[in-house]
Undergrad: 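Shown below is the structure under consideration.
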Amino acid sequence: MRPLAFVTGGSSGIGFELAQQLARHGHDVVISGRADRVHGSAAALRGHGGEAWGVQVDMGTREGVEEFWSFVAGLDRPVEVACLNVGIGIGGAFADTDLDAELELIAINVTGTVHLAKRVVHAMLPQGRGRILVTSSISALQPTPYETVYGPSKAFGFSFAESLREELRESGISVTALLPGATNSEFHHSAGMDDTVFGDDSWKNDQAEVARQGYEALMRGDDHVIGGDDATRRQVEDGKQLTEVEKAEKHAAMARPS
């Protein structure tokens with residue numbers, strides 16, 4: 001029997017590419033998504049020779065997380081790989097953005113991640129093995145004006161992964177954080193950022209390459225990996241030499257609506 005993995009937010013973008021990596025390397029995969037295209041994405045994953053299931057749920061609600069986990073647990077198979085990938089963004093000045101939308105972002109990026117991670121850890125500890133991937137962002141490493149709630153939510157994800165990794169270090173369970181740079185997915189369009197520098201996909205990282213890097217780091221048991229090209233890694237290294245004020249100014253220049 002092929003090992004079982006799941007990817008939240010796996011119907012498109014980096015999540016779908018992570019699911020493809022897992023399927024190509026011999027895993028059966030469960031993916032979640034809010035839209036009904038999750039079922040088509042699952043069908044595409046079956047083309048890699050294994051089984052795949054799409055679960056249409058809202059991972060920003062307690063009920064959605066529990067429904068997804070109930071489906072996974074109902075397969076009655078050990079979960080070998082858990083990719084906590086689902087996340088959304090919101091662009092624009094904080095004074096102008098919608099409070100309910102930002103609370104939804106926190107529910108998906110923060111609360112839902114913690115909720116599902118609790119279920120995963122409780123399932124993996126008795127196994128004495130497992131791999132967990134938390135998708136964060138290089139936004140976790142800097143202030144993110146005009147994405148003022150998104151960046152802190154990704155900082156939470158990175159710190160959460162690092163903390164959980166240390167707690168589980170002797171358990172046989174590895175925790176890896178994936179920190180992508182700007183990627184040519186639907187993310188910035190969905191975040192309402194078409195009128196920013198991020199609205200231009202021509203300079204962004206390839207989502208399949210970012211997912212490959214994340215998958216390989218996960219399989220090695222790495223602490224974390226920067227997802228992207230050499231320019232993305234240089235951006236992270238250069239940022240270590242800047243003050244938080246300077247980093248905020250650089251991000252604002254890219255994320256400010258025109």
Side-chain angles (χ1 to χ4, degrees), residues 1-88 104-135 157 160-161 164 168 171-176 178 185-186 190 211 214-215 218-219:
M1 184 178 292
R2 291 160 63 103
L4 181 65
F6 74 71
V7 183
T8 61
S11 61
S12 64
I14 293 172
F16 179 69
E17 297 297 340
L18 282 169
Q20 289 216 98
Q21 287 287 332
L22 289 159
R24 288 171 184 149
H25 289 89
H27 292 77
D28 289 339
V29 187
V30 187
I31 59 173
S32 78
R34 284 202 289 189
D36 59 7
R37 69 176 172 184
V38 69
H39 304 296
S41 298
L45 293 171
R46 293 184 201 110
H48 297 295
E51 186 55 88
W53 302 267
V55 184
Q56 187 176 353
V57 291
D58 183 351
M59 297 297 285
T61 66
R62 183 178 183 86
E63 296 75 19
V65 174
E66 286 296 317
E67 183 179 345
F68 179 75
W69 179 249
S70 294
F71 183 92
V72 173
L75 296 174
D76 197 26
R77 293 167 57 179
V79 177
E80 304 293 347
V81 176
C83 295
L84 308 179
N85 169 80
V86 66
I88 63 171
E104 179 187 36
L105 181 154
I106 293 168
I108 293 173
N109 295 10
V110 178
T111 308
T113 296
V114 173
H115 185 165
L116 187 55
K118 185 74 77 171
R119 299 288 180 251
V120 169
V121 169
H122 285 170
M124 286 183 173
L125 278 172
Q127 298 171 187
R129 68 182 189 278
R131 300 179 187 275
I132 300 172
L133 181 73
V134 177
T135 301
F160 177 70
L164 186 58
L168 299 175
S171 70
I173 303 167
S174 67
V175 182
T176 300
L178 169 60
S185 65
E186 300 172 4
S190 298
Y215 170 81
L218 173 69
M219 291 298 115

Undergrad: First locate atom OG1 of T135, then atom CG of N109, and finally report the distance between them rounded to the nearest 0.5 Å.
TA: 10.5 Å
Undergrad: Quick one: list whatever passes side-chain contact (heavy atoms from CB on, under 4.5 Å) with V110, sequence neighbours left out.
TA: I106, S153, F156
Undergrad: So how far is it from N85 CG to L133 CG, rounded to the nearest 0.5 Å?
TA: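 Taking CG in N85 and CG in L133, the distance rounds to 7.5 Å.
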Undergrad: To the closest 0.5 Å, what do you measure between CD1 (I88) and CG (L105)?
TA: 4.5 Å
Undergrad: Should L116 and F6 count as side-chain neighbours, where that means a heavy-atom distance under 4.5 Å?
TA: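 Side chain of L116 against side chain of F6, heavy atoms only: contact under 4.5 Å found.
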Undergrad: Atom OG1 of T8 and atom CE of M59: how far apart are they, to the nearest 0.5 Å?
TA: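 These two atoms lie 5.0 Å from each other.
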Undergrad: State, with a plain yes or no, whether a side-chain heavy atom of V57 is found less than 4.5 Å away from one of F71.
TA: no
Undergrad: Quick check: does any side chain N or O of D28 sit under 3.5 Å from a backbone N or O of A52, one acting as donor and the other as acceptor?
TA: no
Undergrad: Apply salt bridge (Lys or Arg N to Asp or Glu O under 4.0 Å) to R24 and list each qualifying residue two or more places apart in sequence or on a separate chain.
TA: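 With neighbours one apart ignored, the set is empty.
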Undergrad: Go through the structure and list residues passing salt bridge (Lys or Arg N to Asp or Glu O under 4.0 Å) with R119, not counting sequence neighbours.
TA: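 By the salt bridge (Lys or Arg N to Asp or Glu O under 4.0 Å) rule, R119 matches E66.
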Undergrad: Going by the rule side-chain hydrogen bond (donor to acceptor under 3.5 Å, both in side chains), which residues pair with E104 if we only count those two or more places apart in sequence or in a different chain?
TA: R34
Undergrad: Any donor and acceptor pair, going by atom type alone, linking the side chain of S41 with main-chain N or O of S11 inside 3.5 Å?
TA: yes
Undergrad: Show me the donor-acceptor pairs, under 3.5 Å and distance only, between side chains in residues 14-22 and residues at least two apart or in other chains.
TA:
unit_1	atom_1	unit_2	atom_2	d
E17	OE1	Q20	NE2	3.3
Q20	OE1	H48	NE2	2.9

Undergrad: When rounded to the nearest 0.5 angstrom, what distance separates CD in E80 from CZ in R2?
TA: 13.0 Å
Undergrad: Looking at OH of Y215 and CZ of R131, how far apart are the two atoms once the value is rounded to the nearest 0.5 Å?
TA: 8.5 Å
Undergrad: Output all residues satisfying side-chain hydrogen bond (donor to acceptor under 3.5 Å, both in side chains) with S32, sequence neighbours left out; order by chain, then residue number.
TA: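 With sequence neighbours excluded, S32 shows a side-chain hydrogen bond (donor to acceptor under 3.5 Å, both in side chains) to no residue whatsoever.
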